[in-house]
Amino acid sequence: MKRARIIYNPTSGRELFKKHIANVLQKLEVAGYEASCHATTAAGDAINAAKIAVERKYDIVIAAGGDGTINEVVNGLAEQEYRPKLGVIPVGTTNDFARALHIPRDIEAAVDIIVKGDTIPVDIGKMNDSYFINIAGGGRLTELTYEVPSKLKTMLGQLAYYMKGIEMLPSIRATEMSIEYDGKLFEGEAMLFLIGLTNSVGGFEKLAPDSSVNDGLFSLIILKKTNLAEFIRVVTAAITGNHINDPNVIYTSANRIKVNSTEKMQLNIDGEFGGLVPAEFENLYRHLDVFVPIDRIRPEDRVD
Ligand SMILES: Nc1ncnc2c1ncn2[C@@H]1O[C@H](COP(=O)(O)OP(=O)(O)OP(=O)(O)O)[C@@H](O)[C@H]1O
């Protein structure tokens, strides 16, 4: 019999998952899985829980939570010799990873996808010694995501980011940075750089419109130094995907990226503080197999 380990965050989003546990376990049992649950007890716990699932050779690990929980589970699975397949039940405030893979927010529907059994391989990002699933970046603007208090975030969701963003606008300034990407070099002042794995991040659905989840490449976006009015114009254009041809923006893709700065520049990794530059980024090609609704996946992202 195959074995499934559910790792869920009982504090995620609106704490919906608990009510569904019995149903979820039953669906998995009916589908032929011996299923068990681990409720995370604190930040970081899902990393250990996933490592234990690796040691115990579970066939699949199901992360139930928001992007924070999935990030931790992936940090437990990444670069292990044996890696269980990953199922996702998106019950968080932010579920960008699930959205990029078309995994529905309805708990039962998300489990049905796991039970159906279709997977695609998905690229994972590595920044220094940590792993990310959505996006990493640096520059003043990226600092705002972790300055939003988590309570406010749960209450208001995406809106909290924007409010904080608007409040911070006047203090946004450029940072001197050097970015080496697949042998090319950007050197100069920039407002921010973003390194993305998926196409939609933090409510920007078209941030990297042509990115693929398993081509081995990051989308790299560098927003060069601008004045405040230009900055607002480019960020607004990004909502509709119209930033990619903007003269203030470098929009490209790369497998390996190195970032450094003469200034103290903070890094952000999947919305959390990720230390200071220098940083090296590597795209781990098709590193994890993730359960997806296969008929909703673009043909070029399906792998037979
Ligand atoms: N028992 C717990 N108590 C408090 N925090 C926890 C617990 N278990 C996990 N966490 C932390 O909660 C963070 C946020 O969780 P998650 O992403 O699942 O939910 P969320 O509601 O979507 O939050 P976010 O908006 O930050 O994404 C995780 O990064 C994890 O470190």
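None of these values were measured; they are calculated from a predicted model. Start at 1 and go down the list; that is how both ligands and their atoms are numbered.
With 3.5 Å as the limit, one finds a donor-acceptor pair spanning the side chains of Asn71 and Asn75. Judged by distance alone, the side chains of Asp96 and Asn134 never bring a donor and an acceptor atom under 3.5 Å apart. Residues Glu55 and Tyr82 have side chains that never bring a donor and an acceptor to within less than 3.5 angstrom of each other.
Near Thr69, meaning under 4.0 Å from any of its heavy atoms, are these atoms of ligand 1: 15 (O), 16 (P), 17 (O), 18 (O). Close approach of ligand 1 to Thr94 (heavy-atom distance below 4.0 Å) involves ligand atoms 22 (O), 24 (P), 25 (O), 27 (O). Within ligand 1, the atoms closer than 4.0 Å to a non-hydrogen atom of Ser12 are 16 (P), 18 (O), 19 (O), 21 (O), numbered from 1 in the order shown. Near Gly44, meaning under 4.0 Å from one of its heavy atoms, ligand 1 places the atoms 31 (O). Within ligand 1, counting atoms from 1 as listed, the ones closer than 4.0 Å to a heavy atom of Gly13 are 20 (P), 21 (O). Those atoms of ligand 1 that come under 4.0 Å of a heavy atom in Thr93, given as number and element, are 20 (P), 21 (O), 22 (O), 23 (O), 25 (O). Within ligand 1, counting atoms from 1 as listed, the ones closer than 4.0 Å to a heavy atom of Gly65 are 18 (O).
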Exercise for the section: Just do the side chain to side chain donor-acceptor pair (under 3.5 Å) check on Asn9 and Thr11 with the steps written out, would you? Expected result: CA-CA 5 Å; Asn9 177 355; Thr11 67; 2.7 Å; yes
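Atom 14 (C) of ligand 1 has its nearest heavy-atom neighbour, among Asn95, Asn9, Ile7, in Asn9. Counting heavy atoms only, Thr11 comes closest to atom 6 (C) of ligand 1 of the residues Asp270, Val91, Thr11.
Contacts between Ile70 and ligand 1 below 4.0 angstrom, taking non-hydrogen atoms only, are absent altogether. Residue contacts with ligand 1 for Ala39 are absent, since no atom lies close enough (heavy atoms, distance under 4.0 Å). Counting heavy atoms under 4.0 Å from ligand 1, residue Glu72 touches it through the side chain alone.
A ring-centre distance under 6.0 Å is not found for Phe132 and Phe97.
Counting heavy-atom neighbours within 6.0 Å of Arg256 CZ, excluding the residue itself, gives a total of 12 or less. Other residues, nucleotides and ligands place no more than 12 heavy atoms under 6.0 Å from the NZ atom of Lys85.
Ligand 1 has Asp67 within reach: a non-hydrogen atom of the residue lies less than 4.0 Å from it.
Looking at ligand 1, you'll find an N or O of Gly68 within less than 3.5 Å of one of its N or O atoms.
Note: Tyr8 and Phe17 have tilted aromatic rings, judged against thresholds of 30 and 60 degrees for the angle between ring planes.
With respect to Lys27 and Glu108, a salt bridge is recorded, a charged nitrogen being found less than 4.0 Å from a carboxylate O.
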